[in-house]
Amino acid sequence: MAGALQTSLPPPLPQQELPIPSLHPDSCCASLREPFVEAFGVQPQFYVSAPGRVNLIGEHVDYSGYSVLPCALELAIHMAVALVPPDPAGEEGVLTLQNVDRRFPRRTLPADPLAPVGGANGGHDWSGYFQCGYKGVFDHVREAGLLHKQLNGRAAMLARGTPGLCVLVSSNVPPAGGLSSSSALVVASALATARALGITSPEAAAAAAAAAAAAGVAAPPPAAAGTPDRGAPAKAPEEAAPAPAVLPRGVLAALAIRAERYIGVMSGGMDQTASACSDAGSALHVEFVPELSVEKVALPRGAAFVVCNSLASAEKAVSALLHYNKRSRAATQHTLQRESAKALGIHPLSPILFHSLEVVECRLAAVLLARALGAPEWRAVRTLRATADLSEGLSLEQLAGLARAQLAGGAYTVAALRDALGFDPRDLFGDAPKAVDVLGASDDFWLQVCARRCCGGGGGDRAVHVFTEAARVLQFRDVCSASAGDTNGDARAALARLGELMDASHASCRDHFDCSCPELEALVKAAKAGGALGARLTGAGWGGCTVSVVPEEGVEAFMASVKREYYGDRYTEGVMFATKPARGAAIYEPTDGASDDRRAVSPP
């Protein structure tokens, strides 16, 4: 009723609709100021950070449409950034990237957002991940219609020459460790680009409005960056103050998910969402169907999660897996690996290639299973979750049994898939051109769609993993929810149950999805012997890290045991750490009056 008193607060915004926070620079940002000046000769104008993540449970299910339960790490990608104004002569600017870690060489990239990823640096250079986030923001700007007042008048950059950026990157997220350092780099890049274009947080928008008011200029209200601008064109810069658009966390996650595909990663979205949408103190339950949604999950009291690096890189683990595959169809499998890599322009042992093969094979498995179900819409299926939706209400456990029964055949060549489906399987990947490249390598190469390396192995193993892992994610979430506020005894029972679910997840990753390796197996064994209630590989597998749930009071003894039993003289600082759920991506705005004050951000 109009005029009625409001008797309750409005419901809080969903996690994915909350804005990116704008904060005062922390010690990590401050440590970048001096090396930034040394590298570029100017002060940084702002900073951004994006954390890595550890997936507590839900491996290799996000790109099949099922939910996951990660949390952000206290380890993060940090960037110091300065905006270089457009060249008066109209020349395109450049992106100058320098990494504090000298293993990653300085790179100069075109600032043109239409430039291909990699360029002269190759398709899998570290700078390509920055370029992905950069391009993703410009894609979003165009599609959302954010071309005038919502972008501070900076949309003119799109027409008269793009400005450049000077960026110094620092990271304490281990590369190739399964903790999503690459996706964190994409999220940080996207956030830096958005901030440079004037898409920012409510706090920064309010500060800009206050600065405008102090200057005697009226500032229009900020606009949401996820909605098209259908209003009149903006006034000229001298007539209107900046009106930064507000960037919701879910929008940042969504554009980063899509942007990372520029480098060939067909991601399901867990990594980018955890990096963009997390809050300190809570894990996240992330759903992707029917749309991205994020729910905070409080972990049981007394729980500690310890991440241990196996010291096996993804490349080394893939090599071990290829050695395993020599037991059957070795020549064709190696040739598929080599020729697919050639088609994609990447190294034959790149984790991108192997992950791409898994995504391709799981999508093919979903279509074959939907066809076996006799669903009229089977040709439109793209994920195992979509297959489940056509199964007339079967539970996840029943779907796993169905996969065992229906997907018990051998491996398929691309030619055999064409015969089985009645159409070219490449038609299933219109949204994933890299997958088309994989399938186009040769009609005669084997794809393990229904054998050991995909959803079969005598019983549909890969699909079995996806369905049973999806069930474990929901059970993990429910245990956490039920334990909230419980007594200490009940909390210990909850920890034990979480450990059981993590153990079962690892066994399925190893036995069904086939993504473990000897180093991970040895590390999980050492973790269990050291007192972990549960331990599992985390990330894509084939190397990288494990995560273990340990009672808080037992962490020190646990780490000492694992150090002794697994690492020995290979132990170095940082290969093992306890972590708590950390804050997601953030902008850090200097406010101390130094030469990198916020007022330096706006280009002349």
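Count residues from 1 along the sequence.
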Asks: What's the spacing between L252 CG and I257 CD1 if we round to 0.5 Å?
Replies: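 L252 CG to I257 CD1: 9.5 Å, rounded to 0.5 Å.
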Asks: Are Y63 and F288 side-chain neighbours, meaning at least one heavy-atom pair lies under 4.5 Å?
Replies: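 In short, these two side chains do not touch, never coming nearer than 4.5 Å.
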Asks: Determine, step by step, whether C277 and L284 satisfy the side chain to side chain contact (heavy atoms under 4.5 Å, CB included) criterion, reporting the C-alpha distance in whole Å, the side-chain angles of both residues, the deciding distance to 0.1 Å, and the verdict.
Replies: CA-CA 8 Å; C277 298; L284 297 181; 4.3 Å; yes
Asks: Is the number of heavy atoms from other residues, nucleotides or ligands under 6.0 Å of K580 NZ greater than 12?
Replies: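 Atom NZ in K580 is not packed in, count stays at 12 or less.
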Asks: Taking the side chain as every heavy atom from C-beta outward, state whether W378 and L421 have any pair of such atoms under 4.5 Å apart.
Replies: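 Contact flag for W378/L421 side chains = yes.
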Asks: Report the C-alpha separation of L56 and L299 in whole Å, then their side-chain angles, then the decisive distance to 0.1 Å, and conclude whether the side chain to side chain contact (heavy atoms under 4.5 Å, CB included) test is met.
Replies: CA-CA 11 Å; L56 301 180; L299 299 171; 4.0 Å; yes
Asks: Walk me through it: do R418 and R426 pass the test side chain to side chain contact (heavy atoms under 4.5 Å, CB included)?
Replies: CA-CA 9 Å; R418 187 182 297 113; R426 287 176 290 188; 4.1 Å; yes
Asks: For the backbone of F130 and the side chain of S189, can you confirm whether one donor and one acceptor N or O come within less than 3.5 Å of each other?
Replies: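 Flag set: sc S189 to bb F130 pair under 3.5 Å.
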Asks: So which atom in Q131 and which in V117 form the shortest heavy-atom distance, rounded to 0.1 Å?
Replies: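 Minimum heavy-atom separation between Q131 and V117: OE1-CA, 3.4 Å.
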Asks: Could you check whether any side-chain N or O of S278 sits under 3.5 Å from a backbone N or O of A274, counting only pairs where one atom can act as donor and the other as acceptor?
Replies: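 Looks like yes, one N/O pair under 3.5 Å.
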Asks: Rounded to the nearest 0.5 Å, what separates atom CG in L185 from atom CD1 in I77?
Replies: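 Here the rounded value is 5.0 Å.
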Asks: Mark yes or no for whether H506, through its side chain, and L537, through its backbone, hold a donor-acceptor pair below 3.5 Å.
Replies: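 Yes, the answer is positive, given that a donor and an acceptor are paired below the 3.5 Å cut-off.
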Asks: Could you tell me whether a side-chain N or O of E519 sits under 3.5 Å from a main-chain N or O of S310, the two making a donor and an acceptor?
Replies: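 No, the answer is negative, given that no donor and acceptor are paired below the 3.5 Å cut-off.
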Asks: Is R371 reaching over with its side chain to a backbone N or O of A420, donor-acceptor style, under 3.5 angstrom?
Replies: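 Looks like yes, one N/O pair under 3.5 Å.
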Asks: Check whether the side chains of E260 and S183 place a donor and an acceptor atom closer than 3.5 Å, and report yes or no.
Replies: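 The criterion, which ignores hydrogens and geometry beyond distance, is satisfied for S183 and E260.
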Asks: Considering non-hydrogen atoms only, spot the tightest contact between V173 and G52 and give its length.
Replies: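 Closest pair (atom of V173, atom of G52, distance): CG2-N, 4.0 Å.
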Asks: Using only atom types and a distance under 3.5 Å, with no angle test, would you say the side chain of H60 pairs donor to acceptor with the backbone of A540?
Replies: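 Looks like yes, one N/O pair under 3.5 Å.
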Asks: Can you check side chain to side chain contact (heavy atoms under 4.5 Å, CB included) on L364 and L428, steps first, answer last?
Replies: CA-CA 8 Å; L364 292 169; L428 299 170; 3.8 Å; yes
Asks: Measure the CG-CG distance between L384 and L369 for me, rounded to the nearest 0.5 Å.
Replies: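 Answer rounded to 0.5 Å: 7.0 Å.
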Asks: Y134 vs F138 aromatic rings, parallel, tilted or perpendicular, using cut-offs 30° and 60°?
Replies: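 Rings of Y134 and F138: tilted, as their planes differ by 30° to 60°.
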Asks: Do S505 and R472 have side-chain atoms, one donor and one acceptor, less than 3.5 Å apart?
Replies: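 Note: S505 and R472 side chains miss the donor-acceptor criterion.
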Asks: Under the criterion salt bridge (charged side-chain N to carboxylate O under 4.0 Å, His left out), I'd like the reasoning laid out for R385 against E287: C-alpha separation, chi angles, the key distance, then a yes or no.
Replies: CA-CA 12 Å; R385 179 157 183 167; E287 287 271 15; 3.2 Å; yes
Asks: Kindly say whether F513 contributes a backbone atom to a donor-acceptor pair with the side chain of D461 at under 3.5 angstrom?
Replies: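 Not at all, since once roles are kept as given, no pair shorter than 3.5 Å links the two residues.
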Asks: Which heavy atom in P248 sits nearest to a heavy atom in Q16, and how many Å separate them?
Replies: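 In this case the closest contact between P248 and Q16 is CB-O, 4.1 Å.
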Asks: Contact between Y66 and L396 at the side-chain level, heavy atoms closer than 4.5 Å - yes or no?
Replies: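 Side chain of Y66 against side chain of L396, heavy atoms only: contact under 4.5 Å found.
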Asks: So does D478 pair up with R497, basic N to acidic O under 4.0 Å?
Replies: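 Judged by the 4.0 Å cut-off on N to carboxylate O distance, D478 and R497 do not form a salt bridge.
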Asks: How about P113 and R142: do any of their side-chain heavy atoms sit closer than 4.5 Å?
Replies: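 With C-beta onward as the side chain, the pair touches.
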Asks: Would you indicate whether the side-chain heavy atoms of L69 and R477 approach each other to under 4.5 Å?
Replies: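 In short, these two side chains touch, coming nearer than 4.5 Å.
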Asks: Using a 4.5 Å cut-off on heavy atoms from C-beta on, say whether the side chain of T387 contacts that of L373.
Replies: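 Contact flag for L373/T387 side chains = yes.
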Asks: Just by distance, do the side chain of S275 and the backbone of Q272 share a donor-acceptor pair under 3.5 Å?
Replies: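 Here the side-chain-to-backbone pair does not exist.
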Asks: Quick check on E291: does its CD atom have over 12 non-hydrogen neighbours (other residues, nucleotides or ligands) under 6.0 Å away?
Replies: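 Counting neighbours around CD of E291, 12 or fewer heavy atoms of other residues, nucleotides or ligands fall under 6.0 Å, so no.
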